[in-house]
Amino acid sequence: MALQFFDTRTRQLEEFRPLDPAGRGVKMYTCGPTVYNHAHIGNFRAYIFEDLLQRWLEYRGYKVERVMNLTDVDDKTIRGCREAGVPLAEFTQPYKDAFFDDLKTLRIEAATHFPNATDDRHIERMIAMIAQLIESGIAYQADDGSVYFRIGKFPRYGQLAHLDLDELRPSGRVQNDEYEKESIGDFALWKAWTEADGDVAWESPWGRGRPGWHIECSAMATGLLGPRLDIHCGAVDNIFPHHEAEIAQSESCTGETFVRHWLHCAHLIVDGQKMAKSAGNFFTLRDLLERGWSGREIRYALLAIHYRQQLNFTFDGLAAARAALARIDAWVGRLKVAGSEEPSDFTMPAQAAFDECLDDDLNISGALGHLFTIIRESNAAHDADSLAPADARALLGWWGRIDQTLAIFPDPEPVPREALDLVERREAARKARDWAASDALRDQIAALGWQVKDTPTGQQLSPA
Ligand SMILES: [Zn+2]
């Protein structure tokens, strides 16, 4: 089966057709966090979906160049730094650092680029794009000093979200003097400085101010990846107006189709309810770690539901993730014990089915179902003594390959300092051809729970 994804614009499954089929390169843009607080698990649901997408494309031989931006200037970050009484950059930095730590905890692959909206080169590009839009009559400066995108000048506006634009056009019922904008749907490209902005401002041909959120993404996406992207992702609440605006701005500037495939993931709810601080069901990753859940357990719980399905996050769900991982760990442990050195070419039908599921719009729940079929059947074969060591080794190799995508296997245990010291002493004993000492040291290492193996490249340690 060809790789296919559900496209937000066409509302149907579309075969993945990269812009550069020969080169296997894929350009992907994913809207990143607004760094005014710690990201919550709903945010991470989207980032984990995007991580699965990237990893599966890589498994299929594509080379993904991904941008994930950091929104470090907008209403919320400005409000936050004003309340904290510190400069904007000082306010956002700890949240940026925390975000990168969280990505590591959840084993989310680093993007190729993590641009900051406030970097000079991106601010310059935003200003250049806005100037171009004004020049071509698509944008205008209103009486309030801000610059707006004239949505009436972009006939495709609303196509991604399947919106009826008439609802956004001015009508007799809208008092025009309530709006400085020409049309209620026009969105800000450049926001003129107001007192609430404090010292957060950049100079522009339209006076002091700051960019709108939408132009930030258009400028960083086209600046880093070029005018055309293969894939743009986000959560469903990014579709309108954010992604609609990104299309309008980018395509009006470049004259090219901005994005070939649009993918969006559904919401996360907690215990059947919308996550909200007031409801007491609002969790950051840190909250869950403090309650004793591990990064891989949280990753599994957020990963295991198809991205287009609403994910109902519960502590029972986390416990189920813990149990699923324990089953996988036990299975891998058995394969390791049984596996001989050379794998056979043994495969099970569910392995191909696993791949087909992920090719089919990242059907992860289906794929995991096949993984557990394999676990059940190979455990049964093992119990019946009918799993050949070379076949166990082959299954282990397959697991290693698919875990490049799932990224759920535990990190290797760190070797304790004491064992490393003993290995060093054993190295010296072996150089001195003191075999008795070497054997004694091997026993001491074993007593610490580690196995030492002598190989042509030296001693190798593994958990016993
Ligand atoms: Zn964005």
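As the structure lists them, so they are numbered: ligands from 1, and atoms in each ligand from 1.
- Note on His214: not counted as a metal contact of the Zn ion (ligand 1), no N/O/S atom lying under 2.8 Å.
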Could you list the donor-acceptor pairs under 3.5 angstrom formed by side chains in residues 88-95, with sequence neighbours left out?
residue : atom : partner : partner atom : Å
Thr92   : OG1  : Leu88   : O            : 3.3
Thr92   : OG1  : Ala89   : O            : 3.4
Gln93   : NE2  : Asp97   : OD1          : 2.9

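- With the Zn ion (ligand 1) as the vertex, NE2 (His242) and SG (Cys217) define an angle of 110°, rounded to 10°.
- Here His243 fails the criterion, with no N, O or S atom under 2.8 Å of the Zn ion (ligand 1).
- Between the Glu244 side chain and the Leu160 main chain, a donor and an acceptor come within less than 3.5 Å of each other.
- In this structure, Asp75 pairs ionically with Lys191, as a charged nitrogen and a carboxylate oxygen lie closer than 4.0 Å.
- Within the structure, salt bridge (Lys or Arg N to Asp or Glu O under 4.0 Å) contacts touching residues 119-138 (residues at least two apart or in different chains) do not occur.
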